[in-house]
Amino acid sequence: MSNALQLPIIDLASPDRFSTANSIRKACIDHGFFYLVNHGVDEELVKKVFEQSSNFFSFPIEEKMKLAIKNHRGYTALYAEKLDTTLTTKGDSKETFYLGPLADGLNQWPLEEDLPSWRSAMETYHQKVLSAGTKLLSLIALSLKLDEDFFWKVGALNEQVGVIRLLHYPGSGDSDSSSEEIYGASAHSDYGMITLLMTDGVPGLQICREKSKQPQVWEDVPSISGAFIVNIGDMMERWTNCLFRSTLHRVLPPRQERYSVAFFMDPGKDCIVECLESCCSEACPPRFPPIKASDYLEERFRLTSVK
Ligand SMILES: O=C(O)CCC(=O)C(=O)O
Ligand SMILES: [Fe+2]
């Protein structure tokens, strides 16, 4: 079952920060998803990143495997990841490429002679989206009645933050011969603080707002040209004691080829994520113990890769 959904639209450039923070708070409580506009990442750059992504994924598999994932950076092939760890079917029908923080030297780069504009496009995109995400996190802090620089002070934000995941869903054409339950991206929630997602407009993304309600109700999330689709991740849900929702989402197996680019803002690795005082009380005690971000994230990565 699926319905179309109208998510709130948040304007990152609005001068009225307190009213924006209030709208964000409502969006995070009601949906855990919203659109972000006036975010400062220009359309030309987004177009370049999608072009470079499509150029890379069109290479033969042997070439792509030369950059196979190491230290969470590089290429993962079709069916190599399964975001819903409870499924018994083979992995998700997508291939991906991960690029992390620019300063740590761990990124893998395609050869310049193969893709001359790749590196500059990806580096610029990383910087620009990190800057938009950082502004958004200061508004999220305000929305939780915290100081604007709260996420800096607790070590969640630093120059070692921000992971780009390029995604390519090859598309199944019109035939759907398989009876197996294979998704483009199977049902999952994201792990970190926030995710900023751009798609090429091909439909497929759905959310389920009540994770534990049966049967699950899935609603389509249409793309709005130029807007990021932002969602709250599990670590933010932990900080807020489930006030903000880390909403379950998935991508249906697209008939048509589909590209998207996710930008994950996970907390810095030494950051301890623990229930905010404003989100618990005697009647509503913390639901999760404090946890070090890197311990939590490593375990989640380990579970999603298909052995
Ligand atoms: O491709 C999409 O629309 C969503 C991707 C996603 O949920 C993810 O990469 O975590
Ligand atoms: Fe996701």
Side-chain angles (χ1 to χ4, degrees), residues 2 4-5 7 28 31-36 46 49-50 53-54 57 69 72-87 91-100 125-126 129 133 162-172 182-209 211 216 218-237 244-266 296-297 300-301 303-306:
S2 136
L5 180 75
L7 294 173
C28 295
H31 300 93
F33 266 77
F34 54 87
Y35 297 105
L36 187 71
V46 172
V49 166
F50 275 82
S53 168
S54 140
F57 287 123
I69 193 151
H72 306 303
R73 313 293 168 80
Y75 176 69
T76 71
L78 219 49
Y79 310 122
E81 283 179 335
K82 191 163 54 177
L83 294 176
D84 181 349
T85 53
T86 66
L87 283 181
D92 296 340
S93 174
K94 63 174 167 51
E95 48 181 351
T96 63
F97 194 96
Y98 289 86
L99 289 120
Y125 190 77
H126 194 285
V129 185
V163 171
I164 297 174
R165 168 150 75 191
L166 307 173
L167 296 122
H168 175 222
Y169 306 90
S172 59
I182 295 174
Y183 287 92
S186 47
H188 67 283
S189 51
D190 292 348
Y191 317 150
M193 299 188 280
I194 51 171
T195 305
L196 296 96
L197 176 78
M198 210 35 103
T199 83
D200 62 1
V202 175
L205 179 65
Q206 298 189 319
I207 65 172
C208 168
R209 279 188 284 168
K211 326 187 203 216
Q216 287 183 329
W218 288 93
E219 297 170 287
D220 293 324
V221 179
S223 291
I224 296 183
S225 175
F228 280 112
I229 298 169
V230 175
N231 64 285
I232 292 295
D234 297 337
M235 304 240 81
M236 189 64 80
E237 185 175 77
F244 284 8
R245 293 166 185 240
S246 176
T247 301
L248 209 57
H249 55 286
R250 69 183 182 189
V251 177
L252 294 176
R255 299 247 150 142
Q256 197 186 336
E257 185 174 42
R258 181 175 187 272
Y259 291 89
S260 64
V261 180
F263 190 90
F264 300 103
M265 293 190 66
D266 300 336
Y296 181 80
L297 294 167
R300 295 292 299 267
F301 291 138
L303 292 172
T304 47
S305 96
V306 175

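As the structure lists them, so they are numbered: ligands from 1, and atoms in each ligand from 1. Only a predicted model underlies this, so the values are computations on that prediction, with no experimental measurement involved. We use all heavy atoms of the structure for the numbers below, so side chains are in, but hydrogens, waters and symmetry mates are not.
In this structure, R245 and F33 have side chains that are not in contact, with every pair of non-hydrogen atoms separated by 4.5 Å or more. Residues Q206 and L5 are not in side-chain contact: their nearest non-hydrogen atoms beyond the backbone lie 4.5 Å or more apart.
Applying side-chain contact (heavy atoms from CB on, under 4.5 Å) to L197 and the options V221, L205, V261, L36 leaves one that passes, L205.
Counting only protein N, O or S atoms closer than 2.8 Å to the Fe ion (ligand 2) gives 3.
Rounded to the nearest 0.5 angstrom, E257 CD and S54 OG are separated by 7.0 Å. The structure places CZ of F244 at 11.5 Å from CD1 of I194, a figure rounded to the nearest 0.5 Å. Of the inter-residue distances, the one linking L99 atom CG with Y125 atom OH reads 11.5 Å to the nearest 0.5 angstrom.
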Distances for all N or O pairs of ligand 1 and the protein under 3.5 Å?
| unit_1 | atom_1 | unit_2 | atom_2 | d |
| --- | --- | --- | --- | --- |
| ligand 1 | 1 (O) | Y169 | OH | 2.6 |
| ligand 1 | 1 (O) | R258 | NH1 | 3.0 |
| ligand 1 | 1 (O) | S260 | OG | 2.7 |
| ligand 1 | 3 (O) | R258 | NH1 | 3.1 |
| ligand 1 | 3 (O) | R258 | NH2 | 2.9 |
| ligand 1 | 7 (O) | H188 | NE2 | 3.1 |
| ligand 1 | 7 (O) | H249 | NE2 | 3.1 |
| ligand 1 | 9 (O) | R165 | NE | 3.1 |
| ligand 1 | 9 (O) | R165 | NH2 | 3.0 |
| ligand 1 | 10 (O) | R165 | NH2 | 2.9 |
| ligand 1 | 10 (O) | H188 | NE2 | 3.1 |
| ligand 1 | 10 (O) | D190 | OD1 | 3.2 |

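Annotation for H31 and T247: closest pair O-OG1, 2.6 Å, computed over non-hydrogen atoms.
Proximity of the aromatic rings of F301 and Y191 is defined here by a centroid distance below 6.0 angstrom, and this criterion is met.
Side-chain contact check for Y98 and R73: no donor-acceptor pair (N or O, by modelled atom type) lies under 3.5 Å.
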